[in-house]
Amino acid sequence: RMEPGGVGLNVARALARLGRPVRMVTSVGRDSDGETVLAAARADGVDLGWAEISPTARTATYRAAFDHLGDLIIGIADMAIFDSLTPAAVAPAADAAPPAEAFVMDANLPAPTLAFLAEAANGRAVAAIGVSPAKAVKLGPLLARLTYLFVTRREAAALLGGADDSILPTRDLATRLAARSAGHVVVTDSDKPLAAAAGAEVHLFPPFPAHVRSVNGAGDALCAGLLHGLAGGRGFFDAALSGLAAAAITVEAPGTVAA
């Protein structure tokens, strides 16, 4: 089954469905996959005024296999098109951002673009999503400029880089990352409790009960739900509950974004 998805699209669509205004800066190919991506975003009310259509590159794809419990077995990604999202390519959208707008970026972007956006935020909130252990390390030099960091335990261990980090509990991983940043950290661990850290304060939150159809998109929904809670005036730890609710709804849905 083919579904429109990807970290940025999933977060943008979820936030739009929750009633938040969203501008999506992305690049798709001039192909059927690109048309599907843009149609899905447009249907949910995402502003695509800054979306680029490449005449040569293919739309990014991610193929995943899941077991009978809905857990991921293997995923294969082709994200080469995102290399075109250079600092120069995203600068006009960043310059046009309203003062109260938050920047949400994921580690599929090139490292120079991530660094540019963290700087261009200029006091705005910046949320970053790790995507994978190999890509999350690009966020290491930016930790002090991030307001919110969303990573899995494997991504957290890769970011920290220590020999023993892969065996640390999520609480310790979140604490160590928070100590290196000026913001807030969420470390997920599949169906185990996630750790949310703000400075030296860390809370553990078990996932909400759910009948899992697929875990694909759950982390993106968590991010969107938490940001939605923050935008509604909730504190960070209270907003984590909004994120967990969004994730639980999403894993019960057949696609990557809950209806």
Side-chain angles (χ1 to χ4, degrees), residues 3 5-20 22 24 44 62 64 66 70-72 75 102-108 125-133 135-136 139 146-157 159 169-171 173-174 177-178 181 183-198 202-232 234-259:
E3 296 278 353
V7 176
L9 179 65
N10 292 342
V11 173
R13 293 178 66 200
L15 282 168
R17 288 185 178 194
L18 289 166
R20 300 297 172 188
V22 181
M24 187 174 179
D44 285 325
Y62 174 74
F66 300 90
D71 292 325
L72 179 67
F103 287 10
V104 183
M105 59 189 191
D106 68 64
N108 282 312
V126 180
I129 306 167
V131 179
S132 73
K135 294 180 178 180
L139 301 173
L146 301 180
T147 319
Y148 305 101
L149 174 65
F150 297 86
V151 288
T152 65
R153 66 168 296 112
R154 291 179 61 232
E155 292 161 5
L159 262 174
T170 52
R171 174 188 289 274
L173 291 169
L177 284 171
S181 74
H184 306 73
V185 179
V186 174
V187 180
T188 61
D189 191 13
S190 187
D191 60 350
K192 302 177 182 63
L194 67 79
V202 185
H203 293 193
L204 296 178
F205 296 92
F208 287 4
H211 297 289
V212 178
R213 296 183 66 175
S214 170
V215 298
N216 205 14
D220 306 331
L222 173 74
C223 172
L226 192 151
L227 294 175
H228 170 68
L230 291 168
R234 304 183 73 178
F236 175 63
F237 296 113
D238 283 342
L241 299 175
S242 298
L244 286 166
I249 293 169
T250 299
V251 299
E252 293 188 337
T256 57
V257 180

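Residue numbers start at 1 and run along the sequence shown. The shown structure was predicted, so the numbers you read here are calculated from the model rather than taken from an experiment.
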query = If every non-hydrogen atom of Asp106 is compared with every non-hydrogen atom of Gly8, which pair is closest and at what distance?
reply = OD2-N, 3.5 Å
message = Is there a side-chain contact between Ile129 and Val104 in this structure, where contact means two heavy atoms from C-beta onward sitting under 4.5 Å apart?
response = yes
message = Apply side chain to side chain contact (heavy atoms under 4.5 Å, CB included) to residues Leu149 and Leu159 and explain how you reach the verdict.
response = CA-CA 11 Å; Leu149 174 65; Leu159 262 174; 4.0 Å; yes
query = What are the two closest non-hydrogen atoms of Ser242 and Gly229, and how far apart are they?
reply = OG-CA, 4.0 Å
query = For the atom pair CG (Leu173) and OG1 (Thr152), what is the distance rounded to the nearest 0.5 Å?
reply = 9.5 Å
task = For the pair Glu252 (side chain) and Val212 (backbone), establish whether a donor and an acceptor sit closer than 3.5 Å, ignoring hydrogens and angles.
result = no
ask   = Going by heavy atoms in the side chains, are Asp44 and Val22 under 4.5 Å from each other?
value = no
request  = Considering non-hydrogen atoms only, spot the tightest contact between Ala210 and Val251 and give its length.
outcome  = CB-CG2, 3.7 Å
remark   = Rounded to the nearest 0.5 angstrom, the CG-OH distance for Leu230 and Tyr148 is 4.5 Å
query = Is there side-chain contact between Leu146 and Met105, with at least one heavy-atom pair below 4.5 Å?
reply = yes
ask   = Heavy atoms, side chains only, cut-off 4.5 Å: are Val185 and Phe236 in contact?
value = no
query = Which atom names give the shortest non-hydrogen contact between Ala195 and Val202, and what distance separates them?
reply = CB-CG1, 4.3 Å
ask   = Nearest heavy-atom pair of Pro206 and Leu244: which atoms, and what distance?
value = O-CD1, 3.8 Å
ask   = Nearest heavy-atom pair of Val151 and Ala156: which atoms, and what distance?
value = CG2-CB, 3.9 Å
key: Beyond-backbone contact of Leu227 with Arg20, side-chain heavy atoms, under 4.5 angstrom   = no
inquiry  = Can you classify the ring geometry of Phe237 versus His203 as parallel (below 30°), tilted (30 to 60°) or perpendicular (above 60°)?
reply    = parallel
ask   = Are the side chains of Leu222 and Leu194 in touch, meaning some heavy atoms are under 4.5 Å apart?
value = yes
query = So, do Leu241 and Phe205 sit near enough that their side-chain heavy atoms are less than 4.5 Å apart?
reply = yes
